[in-house]
Novice: 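Mind having a look at this structure? Questions to follow.
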Amino acid sequence: MPVSAAAPQPDYLTRLNPEQREAVEALDGPLLVLAGAGTGKTRVLTTRFAHLIMTQRAFPGQVLSVTFTNKAAREMRERVAAIIQRPVEGLWLGTFHALCARMLRRHAELVGLTSAFTILDTDDQMRLLKQVMDAAGIDAKRWPAPGLMAQVQRWKDRGITPARVTPAEDTDYAGGRARALYAAYQERLKDLNCADFGDLMLHMVEILRDHPEVLADWHRRFRYILVDEYQDTNLVQYLWLRLLAQGHRNICCVGDDDQSIYSWRGAEIENILRFEKDFPNAKVVRLESNYRSTRPILAAASGLIAHNSGRLGKTLRAGRNDADGEKVRVVALWDSEEEARMVGERIEAAQRSGHPLAEIAILVRAGFQTRAFEERLITLGVPYRVVGGLKFYERAEIRDAMAYLRVLAQPSDDLAFERIVNTPKRGLGDTALRKMHEIARAERIPLALAAGKLVQGGGLAGKARMALSELLHGFARWREQLGREGHVVTAATLLDESGYTEMWKQDKSPEAPGRLENLKEFVRALGEFESLNGFLEHVALVMENDENSQGDRLSLMTLHAAKGLEFDMVFLPGWEEGLFPHSRAMEEGGEKGLEEERRLAYVGLTRARKQAIVSCAANRRMYGNWSSSIPSRFLDELPIEHIQREGSAGMARNRVVDMPSVFTGASGLTARKPRSIESAAWEVQARPARSSALRVGDRVFHQKFGYGRVTGVEENRVDVAFEKSDPKRVLDSFLELVS
DNA sequence: CTTGCGTATCTTTTT
DNA sequence: GATACGCAAG
């Protein structure tokens with residue numbers, strides 16, 4: 001029931017299509033918005049927020065808006081600000097973790113922390129867990145720490161505290177000691193006044209569950225809840241939302257079950273499938289008008305995803321007037337190198353006809369695939385960026401600098417102290433550290449304090465003692481300076497006086513200058529925050545990688561990283577059984593794993609606005625050796641009328657003899673699955689055979705020498721003037737004609 | 001504490 | 001094939 005039915009229509013509403021509008025205007029009660037790819041889900045979310053404010057249903061501070069990534073949160077914040085045209089301070093808009101951290105700081109004492117608790121990153125978590133396992137006398141070889149870490153995280157994802165672990169769930173690891181180790185780890189976190197990422201959610205759920213008065217308080221505050229990417233929520237996030245939504249039942253979740261691709265990190269697609277059961281009388285709105293892609297791309301993606309069972313069901317319709325377009329190309333190639341070449345050539349061609357590189361992307365299943373393309377792009381001189389490489393905050397120098405600041409802000413931060421005590425090298429190795437630990441454990445004091453006692457007690461050799469003493473005095477001095485001159489100047493002083501910058505200046509490796517640059521950037525970033533603590537909180541939660549994103553560059557990334565993005569032209573290489581769908585995914589996840597892979601393919605296809613080029617190679621170098629593979633079953637699942645199959649010239653001309661049966665249509669022994677091989681076996685569209693193909697003036701490509709132009713032909717020997725190499729006479733069969 | 005060698009492993013990744 | 005890690009020697 002539209003609230004403002006009688007009133008003149010606000011123009012932010014008139015810009016919506018009917019289904020979007022329905023989703024925006026259904027303000028009361030639970031609402032699930034099933035938003036297919038490219039159907040304007042962010043628009044619905046932000047407009048709904050604005051509508052809540054405009055209709056005076058709530059003040060901005062009474063709406064809780066949850067996203068998964070900081071990027072999504074930022075985007076939403078900006079768009080909300082643009083619509084409501086007033087400052088957006090005091091908003092409860094952020095990631096699950098950021099919001100939980102904010103809430104937890106108010107109730108930390110209820111779980112044995114103080115409001116100044118530190119948020120640990122994965123590295124710290126692992127080290128802490130190793131210490132706990134060590135103390136418990138676990139044989140680290142028989143029971144590797146990452147295994148337990150994963151188990152602990154899975155428990156936390158499901159909202160399971162040590163007390164809630166059932167004996168049945170505690171048999172796999174270290175002979176049934178996982179639960180005890182988990183408990184010890186949690187104790188240790190509490191001692192250190194730390195929380196890991198999982199704890200942020202876990203603690204808040206525990207608090208809301210056990211303290212009705214606290215819960216009631218939050219109910220009073222949040223009248224409306226908006227959730228983005230609901231299909232990616234894990235159980236503990238679901239519990240948190242359900243607890244908070246109990247108050248007013250005004251929860252609106254937006255998501256797409258067909259784009260659930262994160263089960264391996266705890267996301268439960270069941271959350272979205274179950275929504276109507278969880279929230280009785282829930283309204284469901286489907287957004288099916290796609291404004292992004294052409295009709296053939298939508299048809300191909302829809303045909304593919306239709307092979308999944310257990311969907312809520314949606315059909316994407318082309319919503320654009322200009323939705324006609326080229327069919328999806330499916331290109332079969334001889335090997336991964338040829339695949340890289342094919343992609344490179346098409347990119348060059350697109351570039352020549354004026355397409356910006358920023359509108360082109362190569363989306364791969366696994367990280368290692370990027371390398372072949374990178375090499376190719378470098379030879380061609382095409383600028384590119386790899387999305388999702390090492391992030392700024394993950395770099396060693398940034399983590400070290402962070403650790404210094406953490407010790408400065410919180411001397412009891414043992415993990416940070418341990419990280420920097422011997423970085424740069426101060427001659428404080430295992431022995432010195434062990435002694436500090438002994439004192440710390442005996443007296444139940446932080447490492448830094450124990451270090452002070454160790455210096456005074458004289459239980460350390462002269463040189464090591466001097467070094468440690470100097471470091472501790474340094475911290476006393478910097479802490480004093482922090483109060484006087486502020487965090488930015490102090491950080492710079494600290495990094496210099498501790499010898500940390502000097503360490504990188506001495507370093508002769510090629511990365512060292514870049515690292516020093518990063519440190520400068522780090523200090524600069526520090527200036528954007530009012531206080532040291534504000535900065536630390538930010539960095540602990542936010543992980544951004546802004547560099548080399550400028551300029552017109554091609555994007556190279558994994559399918560996972562591509563979710564939420566869109567490009568005019570998308571290359572989807574490596575559609576081969578074993579790689580995509582990935583064999584591991586199927587081994588571990590069975591049919592469900594396969595369906596998630598299929599969703600990943602769906603995500604990939606729906607990134608494309610105008611053109612999608614899918615490819616597979618018959619041979620691929622994996623782990624050093626060549627292995628042959630058969631085309632992905634997903635290729636068979638693309639509706640034939642919306643795709644166009646192509647073979648490569650290289651294959652047709654020279655290599656028919658070596659071609660695996662599947663490529664020629666003969667029945668093959670290579671097929672592992674009992675499925676129709678015929679459909680996968682298309683004929684390679686051979687170009688007209690040209691025995692002595694090349695002519696003077698042809699542009700050709702040579703694997704080793706790159707591009708060139710034919711200057712002379714003598715039977716099967718060809719003279720070529722190469723662009724990046726000296727002129728040579730080479731055999732015809734090593735050349736490829738480039739159109 | 002650092003260095004070198006042998007061995008095991010090789011999907012996806014945010015907070 | 002490359003890297004990362006653990007272990008033993010220097």
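Letters A, B, ... are given to chains in the order of the sequence lines, protein chains preceding strands, and every chain is numbered from 1.
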Novice: Kindly point out which of B:dT12, B:dT15, B:dC1 is positioned nearest to the side chain of A:T95?
Specialist: B:dT15

Novice: For DNA chain B, find the residues of residues 557-564 of chain A with a heavy-atom distance under 4.0 Å and give them by number; none if there aren't any.
Specialist: A:T558, A:H560

Novice: Can you name the side-chain contact (heavy atoms from CB on, under 4.5 Å) partners of A:D228, sequence neighbours left out?
Specialist: A:K41, A:L45, A:T67, A:A72

Novice: Considering only atom P, compute the distance from B:dT12 to C:dT3 and round it to an integer number of Å.
Specialist: 15 Å

Novice: What is the ring orientation for A:W92 with A:W218, classed by angle as parallel under 30°, tilted 30 to 60°, or perpendicular over 60°?
Specialist: perpendicular

Novice: Roughly how far, to the nearest 0.5 Å, is CG of A:N308 from OH of A:Y602?
Specialist: 10.5 Å

Novice: Taking any heavy-atom pair under 4.0 Å as a contact, classify A:Q369: base, sugar-phosphate, or nothing.
Specialist: nothing

Novice: Could you go over nucleotides 3-6 of chain C and give all protein N or O partners under 3.5 Å, atom names and distances?
Specialist:
none

Novice: Base, sugar-phosphate alone, or nothing: which one does A:D232 contact when heavy atoms must sit under 4.0 Å apart?
Specialist: nothing

Novice: Please classify the nucleic acid contact of A:G198 as base, sugar-phosphate, or nothing, using heavy-atom distances under 4.0 Å.
Specialist: nothing

Novice: Examine distances only and state if a side-chain atom of A:Q231 and a backbone atom of A:D258 form a donor-acceptor pair shorter than 3.5 Å.
Specialist: no

Novice: Could you tell me how far apart A:E595 (CD) and B:dT12 (C1') are, to the nearest whole angstrom?
Specialist: 18 Å

Novice: Among all residues two or more places apart in sequence or in another chain, which pass the side-chain hydrogen bond (donor to acceptor under 3.5 Å, both in side chains) test with A:R584?
Specialist: A:E588

Novice: With sequence neighbours left out, write down each residue that passes side-chain contact (heavy atoms from CB on, under 4.5 Å) with A:L433, or none if nothing qualifies.
Specialist: A:E418, A:V421, A:M436, A:H437

Novice: Quick check against the 3.5 Å criterion: does A:D196 have a side-chain atom that pairs as donor or acceptor with the backbone of A:D199?
Specialist: yes

Novice: Checking salt bridge (charged side-chain N to carboxylate O under 4.0 Å, His left out) for the pair A:R154/A:D157: CA distance, chi angles, key distance, verdict?
Specialist: CA-CA 5 Å; A:R154 274 197 298 278; A:D157 284 344; over 6 Å; no

Novice: Under 4.0 Å, heavy atom to any atom of DNA chain B: which of residues 256-265 of chain A qualify?
Specialist: A:W264, A:R265

Novice: How close or far is atom P of B:dC1 from atom CG of A:L433, stated in whole angstroms?
Specialist: 9 Å

Novice: Under 4.0 Å, counting only non-hydrogen atoms across every strand here, what does A:L428 touch: a base, just sugar-phosphate, or nothing?
Specialist: sugar-phosphate

Novice: Base, sugar-phosphate alone, or nothing: which one does A:E597 contact when heavy atoms must sit under 4.0 Å apart?
Specialist: base

Novice: Mind calculating the distance between CD (A:E587) and C1' (B:dT12) to the nearest angstrom?
Specialist: 15 Å

Novice: Give one of base, sugar-phosphate or nothing for A:R621, where a contact means two heavy atoms less than 4.0 Å apart.
Specialist: nothing

Novice: Distance check needed: B:dT15 P versus A:H97 NE2, whole Å only.
Specialist: 8 Å

